Amino acid sequence: MTEGVEMPRLDFDKVRRWIALVVSNHGYTVGNLTYCFCDDEYILETNRKFLQHDYYTDIITFDYTRRDRVGGDMVISLDTVASNAEQIGVTYDSELLRVIIHGVLHLCGIDDKGPGEREVMEAEENKALSIYKDLR
């Protein structure tokens, strides 16, 4: 689904297979995953309404994982994805894939807020992106 943006051009079949592989590598199966691709204003309002945060972000993940079945809603600001890609010097597509898998990794129990957790998250994102590149 989208809010204020066009649906990104992705190979959704490949993305589904990729997510299933990454989730499986973490000992889970894929349940119901919903993505809302949106603009900055929509994610800011979502951040304010549900998390009481007053700032822009690239992704908000709502976790509905139960036992070994990963599930959740992910809201992704394509505006922030684009600006982050430009700031760090990567392509929009690669940054979008990183953000998509970032949310999935949260659902697999990987955090990025505590000491040393950001490095663990980045390593897992990089492993996942390598899997995507090798996927046919």
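Just so it is clear, the structure is predicted and the values come from calculations on it, not from any experiment.
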Participant: Do Leu33 and Leu107 have side chains that approach each other closer than 4.5 Å (heavy atoms only, starting at C-beta)?
Facilitator: yes

Participant: Using the test side-chain hydrogen bond (donor to acceptor under 3.5 Å, both in side chains), find all partners of Asp40 that sit at least two apart in sequence or belong to another chain.
Facilitator: Ser77, Thr80

Participant: For the pair Glu117 (side chain) and Gly114 (backbone), establish whether a donor and an acceptor sit closer than 3.5 Å, ignoring hydrogens and angles.
Facilitator: yes

Participant: Could you walk me through whether Val70 and Val30 pass the side-chain contact (heavy atoms from CB on, under 4.5 Å) check?
Facilitator: CA-CA 5 Å; Val70 167; Val30 176; 5.7 Å; no

Participant: According to ring-ring contact (aromatic ring centres under 6.0 Å, His included), does anything in residues 61-84 pair up with another residue at least two apart or in another chain? List the pairs.
Facilitator: Phe50-Phe62

Participant: Could you tell me which residues satisfy side-chain hydrogen bond (donor to acceptor under 3.5 Å, both in side chains) with Ser94, sequence neighbours excluded, listed by chain and number?
Facilitator: Thr91

Participant: With sequence neighbours excluded, what pairs up with Tyr56 under the side-chain hydrogen bond (donor to acceptor under 3.5 Å, both in side chains) test?
Facilitator: Glu41

Participant: Please, which pairs that meet salt bridge (charged side-chain N to carboxylate O under 4.0 Å, His left out) have at least one residue in residues 61-87, sequence neighbours excluded?
Facilitator: none

Participant: Name all residues meeting the side-chain hydrogen bond (donor to acceptor under 3.5 Å, both in side chains) criterion together with Lys127; count only those two or more places apart in sequence or in a different chain, and write none if there are none.
Facilitator: Glu124

Participant: Using the salt bridge (charged side-chain N to carboxylate O under 4.0 Å, His left out) rule, collect all pairs that involve residues 90-115, keeping only residues at least two apart or in two chains.
Facilitator: Asp58-Arg98, Glu95-Arg98, Arg98-Glu125, Asp112-Arg118

Participant: List, by chain and then residue number, the residues other than Tyr55 in its hydrophobic cluster (Ile/Leu/Val/Met/Phe/Trp/Tyr, side-chain heavy atoms under 4.5 Å); write none if there are no others.
Facilitator: none

Participant: Quick one: which residue pairs count as a ring-ring contact (aromatic ring centres under 6.0 Å, His included) with a foot in residues 106-134, not counting sequence neighbours?
Facilitator: Trp18-Tyr132, His102-His106

Participant: Does the side chain of Ser24 come within less than 4.5 Å of Thr29's, by heavy atoms?
Facilitator: no

Participant: Any side-chain heavy-atom pair from Thr57 and Asn47 closer than 4.5 angstrom?
Facilitator: yes

Participant: Are Val99 and Ile43 linked, directly or through other ILVMFWY residues, by side chains that come within less than 4.5 angstrom of each other?
Facilitator: no

Participant: If you round to the nearest 0.5 Å, how far is CZ of Phe37 from CE of Met7?
Facilitator: 6.0 Å

Participant: Sort and list the pairs that fulfil side chain to side chain donor-acceptor pair (under 3.5 Å) and have at least one residue in residues 1-13, not counting sequence neighbours.
Facilitator: Asp13-Arg16

Participant: Using the test side chain to side chain contact (heavy atoms under 4.5 Å, CB included), find all partners of Asp54 that sit at least two apart in sequence or belong to another chain.
Facilitator: Leu44, Arg48

